[in-house]
Protein chains: 2
Amino acid sequence: MIDPSDVIPKYYQLANILRQQIENEDFQPHDPIPSERQLESHYNLSRPTIRQAIDLLSRQGYLYRVHGKGTFVSPPKLQKGILELTSFSEDMRNRGLTPGHKILEFGYVKPNSETKRHLEITDDKKKVLRIKRLRFGNDEPIGLQDSFLSLNSGLDITREEIEKRGSIYAILQEKFGIYPTEADETLEVTLATREEAHLLKIQEGSPLLLNERTLWSQDRKAIEFVRILYRGDRYKYFVRLTRKQ
Amino acid sequence: MIDPSDVIPKYYQLANILRQQIENEDFQPHDPIPSERQLESHYNLSRPTIRQAIDLLSRQGYLYRVHGKGTFVSPPKLQKGILELTSFSEDMRNRGLTPGHKILEFGYVKPNSETKRHLEITDDKKKVLRIKRLRFGNDEPIGLQDSFLSLNSGLDITREEIEKRGSIYAILQEKFGIYPTEADETLEVTLATREEAHLLKIQEGSPLLLNERTLWSQDRKAIEFVRILYRGDRYKYFVRLTRKQ
DNA sequence: TATGATAACTGGTAAAGACCACTTAACATC
DNA sequence: GATGTTAAGTGGTCTTTACCAGTTATCATA
């Protein structure tokens, strides 16, 4: 069950085994899993390793512990996908829609002061990559996305890559090893200007959902500031929150 | 510095010391903190204990680790308040406004099917506590909140307690030891009905921000389903997200 | 000068053992 | 029957020790 020669750490192997058992519904919600001592002898691992695996699954929302009683399976509603940052493409696929996009603007620009503030840029000469796109779900216009990327010199994304891959985040990860790890988002209501209304095929003055996001990578550098205008009649924002700790 | 006789665990004491040093700006952003071996001899603690403290602060966003290089201080933007579930009252105070409320309805009702679904109620006889309130910031109407609480029998909240304390979450925590730990939220745009417009002192048909939330406690029981209508011209929703793990 | 090995650092994983605090059920006592 | 005690279970904390893996600067070598 646990392969000591595997490059995957033992605690991670055990976490995978337990996660699979939970997803297979070998345990029912609020059922206790075997105690740490039982797992210790069953898998022939030390207790700290067992605890490391259970820690991981607790943080991910699969299990919860009760001191003196045991460790229990969280009901399915609370499993999986806890706080995942998702791109527009991922988001659309999660909703069962086929994502699409049309690039309206692409190129390096001098950021305005608001963008500089969000991207924590102090260098006056620094340029950012602006990508303005109309976003579709099942070929219907859903949102208008205006993205400003702060990339280190040397790192570059071409228009062709965006056209082909669709998701900026996928390119950042695959090409540069940059992973979005944290984001601040705001949501508010605005009314469509004439231009926005035209692009989104709605009436001028229709209510829109404005989503602004600043994104940080795993080394805590601000990498993107993006404004997304969603059609008020076609889009519902979803988020899952957990309390500190 | 570390008091072994204290009831507070050593790893937690150390985390508090380090957090305070970070907040005092003893370290600059992206500065390395002392290595785990250095902390080990400095505080006379074992390395696992040191690591437990650093784990905690990393999860809370104060520190980040780089294998082979060291552990570094996250810039202030990313510190503190990572994913804290906040009540309306907390939210208003965070924005520098004085929260207020007026109770419009209060009492036990049979939940409709949507509410039952959100609160995961299967018992047809179960009743829920409905609290409908108009919410103010600096005495100006900001939002219309309709809350449905699923409490175990024996637990009860009175109208007077709400009037006095303001925050339902504060009562749940202080009176029953129930802590909100996880929530699903959606946000979308709607238009004010005549009644809503009247209460919020806006024009009928004005755009509103509709926030729906299902809340779970630490034992993973659904405790609240709430709909909050915010004035589109007065409210901006804020959330901080982190990637899984 | 350029290259590559090495050593000394960093955090990551793992074991074994100990004791504490909380929970529960079985038991003895009143 | 009600009450309090005890023992055995649970997870929570902590130490000591060991080795692995990534990073970096130094130094010997080509």
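A, B, ... follow the sequence lines: proteins, then strands. Residue 1 opens every chain. Quick note: numbers below take in every heavy atom, side chains included, and nothing from hydrogens, waters or symmetry partners.
In this structure, OH of B:Y64 is placed 13 Å from P of C:dG11, rounded to the nearest angstrom. One atom, CZ of B:R47, and another, C1' of C:dA16, lie 17 Å apart when rounded to the nearest Å. In this structure, CD of B:E36 is placed 12 Å from C1' of C:dC9, rounded to the nearest angstrom. Computed from coordinates, the A:D3 CG to C:dA14 P distance equals 12 Å when rounded to whole Å. Remark: C1' of C:dG11 and CD of B:Q38 are 13 Å apart, rounded to the nearest angstrom. Distance B:D6 CG to C:dA21 C1': 16 Å, rounded to the nearest Å. Rounded to whole angstrom, the span from the CG atom of A:L56 across to the P atom of C:dG12 amounts to 14 Å. Counting to the nearest Å, the P atom of D:dC14 and the CG atom of B:N44 are 13 Å from each other.
Between A:K10 and A:D3 there is no salt bridge, since no side-chain N of the basic residue sits under 4.0 Å from a carboxylate O of the acidic one. With respect to B:D146 and B:R130, a salt bridge is recorded, a charged nitrogen being found less than 4.0 Å from a carboxylate O. Ion pairing between B:R47 and B:E40 fails under the 4.0 Å rule for side-chain N and carboxylate O. With respect to the salt-bridge test (charged N to carboxylate O, under 4.0 angstrom), the residues B:D124 and B:K110 do not qualify.
Phosphate proximity of D:dC14 to B:S46: absent, as no side-chain N or O sits under 4.0 Å from OP1 or OP2. For C:dT24, one of the phosphate oxygens OP1 or OP2 lies less than 4.0 angstrom from a side-chain nitrogen or oxygen of A:K69. Proximity of A:T49 to the phosphate of C:dA14: no side-chain N or O atom is located under 4.0 Å from OP1 or OP2.
B:P9 comes within contact range of the sugar-phosphate backbone alone, with a heavy-atom separation under 4.0 Å but no base atom that close. The residue B:I54 sits apart from the nucleic acid: no heavy atom pair falls under 4.0 Å. Residue contacts shown for B:Q13 are absent, as no nucleic acid heavy atom lies under 4.0 Å away. Across all strands, B:E40 comes closer than 4.0 Å to no nucleic acid atom at all (heavy-atom distances).
Counting atom types as modelled, B:H67 pairs no side-chain N or O with a base atom of D:dG22 as donor and acceptor under 3.5 Å.
Nearest-nucleotide mapping onto DNA chain D: of B:P48 and B:R37, the residue sitting toward the 5' end is B:P48. Of the residues near DNA chain C, B:G70 and A:I8, the one whose nearest nucleotide (by heavy atom distance) lies more toward the 5' end is B:G70.
Heavy-atom minimum distance, A:T214 versus A:W216: O-CZ3, 3.6 Å.
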